Peer 1: 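One structure, pasted below without further comment.
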2 protein chains.
Amino acid sequence: MTDNPTPPTLVEHITASFERLTATEKRAARALLDNYPMAALGTAAGFASEAGVSAPTVLRLVDKLGFSGYADFQARLREELEARLQSPLQRSGSGPRESESEAHFLHRYAAQACENVMNTVRRLPATEIEAVGALLMDERRRVYLLGGRFSAALAKSFHAHLHAVRGNVQDISGQSAAWPEYLLDMRSRDVLVVFDFRRYQKDVIGFAEDASGRGATVVLFTDQWRSPAAKVAGHVLSARIDTHSRWDSAVAPLLLVEVITALVTDHRWDSIQARIKQLEGLQTQLQRHPE
Amino acid sequence: MTDNPTPPTLVEHITASFERLTATEKRAARALLDNYPMAALGTAAGFASEAGVSAPTVLRLVDKLGFSGYADFQARLREELEARLQSPLQRSGSGPRESESEAHFLHRYAAQACENVMNTVRRLPATEIEAVGALLMDERRRVYLLGGRFSAALAKSFHAHLHAVRGNVQDISGQSAAWPEYLLDMRSRDVLVVFDFRRYQKDVIGFAEDASGRGATVVLFTDQWRSPAAKVAGHVLSARIDTHSRWDSAVAPLLLVEVITALVTDHRWDSIQARIKQLEGLQTQLQRHPE
DNA sequence: CGGTATTCGTATCAAATATTACAGTGATTG
DNA sequence: CAATCACTGTAATATTTGATACGAATACCG
């Protein structure tokens with residue numbers, strides 16, 4: 001064993017050695033990381049079956065990690081667990097030496113995303129979220145969803161969930177040829193949810209303007225710099241999209257979508273429950289896997 | 001075993017039964033309470049010697065507590081430990097005396113999402129992300145994206161970005177009728193990216209298995225409980241999806257998608273730049289609004 | 001003071017578990 | 001296309017561990 005001055009945690013050690021592992025060993029390692037450290041506190045065979053591998057694979061894994069046996073491995077596991085339980089909850093898992101610039105891209109990205117989320121919700125009036133939620137709960141209003149080239153995925157996610165809890169929801173992203181028809185059908189009670197982020201798409205903005213002109217209520221998801229469509233929007237939900245990458249992040253926008261979905265779902269859950277049960281019944285092929 | 005409406009914790013159970021114990025049994029019980037639950041996570045003999053009693057005493061203790069054996073006792077112990085490990089990562093960071101229950105749903109949801117993100121990236125070997133990135137950079141490999149009912153939005157987002165930086169990317173979500181054809185075309189260099197989350201979809205899993213059988217490399221995005229498709233996946237990226245809502249959160253999974261997108265994009269940026277410029281040129285009619 | 005009952009540890013046994021050997025399988029390379 | 005190599009599960013083995021019977025020790029009661 002190497003005697004580092006600051007011994008790495010087991011999680012770090014595993015992730016560091018990860019590439020040296022074989023495919024099946026990785027599966028076992030991942031199972032452990034996924035529910036650490038519980039997965040390995042029982043017997044090796046139990047751990048193995050839970051990970052979907054054989055016991056010897058688990059044994060080979062702990063051997064590769066440098067332990068002299070499964071017992072040794074578990075001892076180390078419990079040792080760390082004890083330390084973690086005693087100090088209430090500080091840096092659970094990762095060390096303090098994690099210098100900002102040294103951290104892997106993955107971690108920097110994640111930190112940035114969390115900042116985006118926090119900055120987004122902090123600046124967002126709760127009443128705005130609730131107002132949009134209330135709007136979408138109203139089944140008398142037809143709901144149209146529209147996203148741009150990249151934000152169409154957000155519209156799609158929103159549509160999948162909204163459609164599960166209420167009717168009269170349509171995702172019209174992309175089908176710009178059919179837009180005029182939708183426009184014709186639009187009544188003043190209806191709601192158009194628009195996703196428009198940096199590099200704001202002219203056609204999307206134009207459609208929002210037209211819909212607004214016909215009396216529809218426009219709900220706009222955009223970034224902190226605000227799409228021009230904000231001018232005709234009844235509600236604007238702006239989210240942070242900063243990244244260390246060349247693309248913008250949709251994490252914070254997605255969070256807003258999910259929150260509103262949750263609000264709409266949880267409110268009047270009783271009347272929705274039946275619909276979902278029924279819907280799940282129709283999807284018997286989506287069953288959970290037996291064991 | 002016991003089906004109490006409000007199951008008492010083990011600690012409560014022990015203190016309640018404390019008086020019924022004999023002197024040395026009490027010594028063992030105290031040892032456990034003193035550093036709970038670590039003391040009993042090892043072998044019964046280890047626990048005994050640590051408590052200064054003999055192994056049979058420990059066995060008699062767990063018997064008196066109503067367990068059917070030491071294994072049963074440990075199972076319960078781990079069960080509680082798991083619950084305890086999952087919760088205590090809350091009030092980390094933000095609001096002063098912002099009471100947990102008082103905070104608006106929006107903020108609670110955001111905090112949970114950030115936890116999900118952090119817990120996801122912490123447990124994810126950086127090499128795994130990079131391996132997937134490397135796979136997708138290889139333009140000789142055709143890439144197929146497949147998501148389920150709700151996760152199709154992730155596939156769509158991934159597709160939009162991947163397709164912007166390379167060719168031979170197809171999103172085949174939903175079009176299950178056409179799957180056999182795609183299967184026929186699949187070569188052993190090809191990559192199938194599967195999104196499969198809780199309520200794992202049988203048809204998606206089946207397709208992943210078939211693709212794997214035909215030699216394709218399967219990359220699986222799933223949750224911490226892992227889709228059965230993990231068995232045939234060459235790479236598994238599991239993300240946390242916990243929420244305070246009735247739906248699962250796709251925030252952490254989206255983050256992983258974005259990180260990989262960033263890696264693929266940033267790597268070999270030069271060769272990609274031309275493609276993007278060209279692509280943007282073709283979309284001049286969709287472009288930025290004057291203002 | 002003697003007898004009895006409870007308690008506790010030692011020794012033993014049986015069951016569960018880790019470990020190792022081995023062979024089948026698939027992938028890789030020449 | 002053959003041959004080799006690496007990988008992984010099955011099965012056999014060795015070891016550990018939980019469980020139990022028994023006897024020594026102590027406290028308690030008559």
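Proteins come first, then strands; the chains are lettered A, B, ... in the order of their sequence lines, and each starts at number 1. What's counted below: heavy atoms across the whole structure, side chains too, no hydrogens, waters or symmetry copies. Please read all numbers here as calculations on a predicted model, not as lab measurements.
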Peer 1: Nearest-nucleotide wise, let me know which of B:Gly52 and B:Ala71 is further upstream toward the 5' end of DNA chain C.
Peer 2: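 The residue whose closest nucleotide sits nearer the 5' end is B:Gly52.
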Peer 1: Rounded to the nearest Å, what distance is computed from the CG atom of residue B:Asp63 to the P atom of nucleotide D:dA19?
Peer 2: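 Going from CG in B:Asp63 over to P in D:dA19 covers 9 Å.
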Peer 1: Around atom CZ of A:Arg20, are there more than 12 heavy atoms from other residues, nucleotides or ligands closer than 6.0 Å?
Peer 2: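 Count not over threshold, so no.
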Peer 1: Using a cut-off of 4.0 Å on non-hydrogen atoms, how would the nucleic acid contact of B:Ala23 be classed: base, sugar-phosphate, or nothing?
Peer 2: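 Sugar-phosphate contact only.
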Peer 1: In whole Å, I'd like the distance from the NZ atom of B:Lys231 to the C1' atom of D:dG9.
Peer 2: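 So the two atoms are 14 Å apart, to the nearest Å.
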Peer 1: State which residue, out of B:Leu136, B:Leu162, B:Val193, B:Val191, fulfils the side-chain contact (heavy atoms from CB on, under 4.5 Å) condition with B:Val169.
Peer 2: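 In the set B:Leu136, B:Leu162, B:Val193, B:Val191, the residue that makes a side-chain contact (heavy atoms from CB on, under 4.5 Å) with B:Val169 is B:Leu162.
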Peer 1: Side chain to side chain donor-acceptor pair (under 3.5 Å) for B:Thr261 and A:Trp247? Distances and angles first, verdict last.
Peer 2: CA-CA 8 Å; B:Thr261 300; A:Trp247 301 101; 5.9 Å; no
Peer 1: Rounded to the Å, how far apart are B:Asp72 CG and D:dG18 P?
Peer 2: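 It is 14 Å, rounded to the nearest whole Å.
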Peer 1: At under 4.0 Å, does any side-chain N or O of A:Thr57 touch on OP1 or OP2 of D:dT8?
Peer 2: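 No.
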Peer 1: Between A:Ser68 and B:Val53, name the one whose nearest nucleotide on DNA chain C is closer to the 5' end.
Peer 2: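 Of the two residues, B:Val53 wins.
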Peer 1: So what does B:Thr43 touch, heavy atoms closer than 4.0 Å: a base, only the sugar-phosphate, or nothing?
Peer 2: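 The answer is sugar-phosphate, as B:Thr43 gets under 4.0 Å only of primed atoms, P, OP1 or OP2.
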Peer 1: With distance as the sole criterion, is a donor-acceptor pair present between the side chains of B:Ser238 and A:Asp34 under 3.5 Å?
Peer 2: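 Looking only at side-chain atoms, A:Asp34 and B:Ser238 do form a donor-acceptor pair, the distance falling under 3.5 Å.
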Peer 1: Is a side-chain donor or acceptor of A:Ser157 paired with a backbone partner of A:Ala153 at a separation under 3.5 angstrom?
Peer 2: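 Not a single qualifying donor-acceptor pair exists.
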Peer 1: Answer yes or no: does atom CD of A:Gln74 have more than 12 heavy-atom neighbours from other residues, nucleotides or ligands under 6.0 Å?
Peer 2: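 Yes, enclosed.
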Peer 1: Contact class for A:Thr22 (heavy atom, under 4.0 Å): base, sugar-phosphate, or nothing?
Peer 2: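 A:Thr22: backbone/sugar contact only, no base atoms under 4.0 Å.
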Peer 1: Mind checking which nucleotides bracket the chain A contacts on DNA chain C, 5' to 3', with an atom under 4.0 Å from a heavy atom?
Peer 2: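 Contact span on the strand: C:dT17 to C:dT20.
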Peer 1: Could you give the CZ-to-P distance, from A:Arg60 to D:dA6, as a whole number of Å?
Peer 2: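 Checked: the CZ to P distance equals 14 Å.
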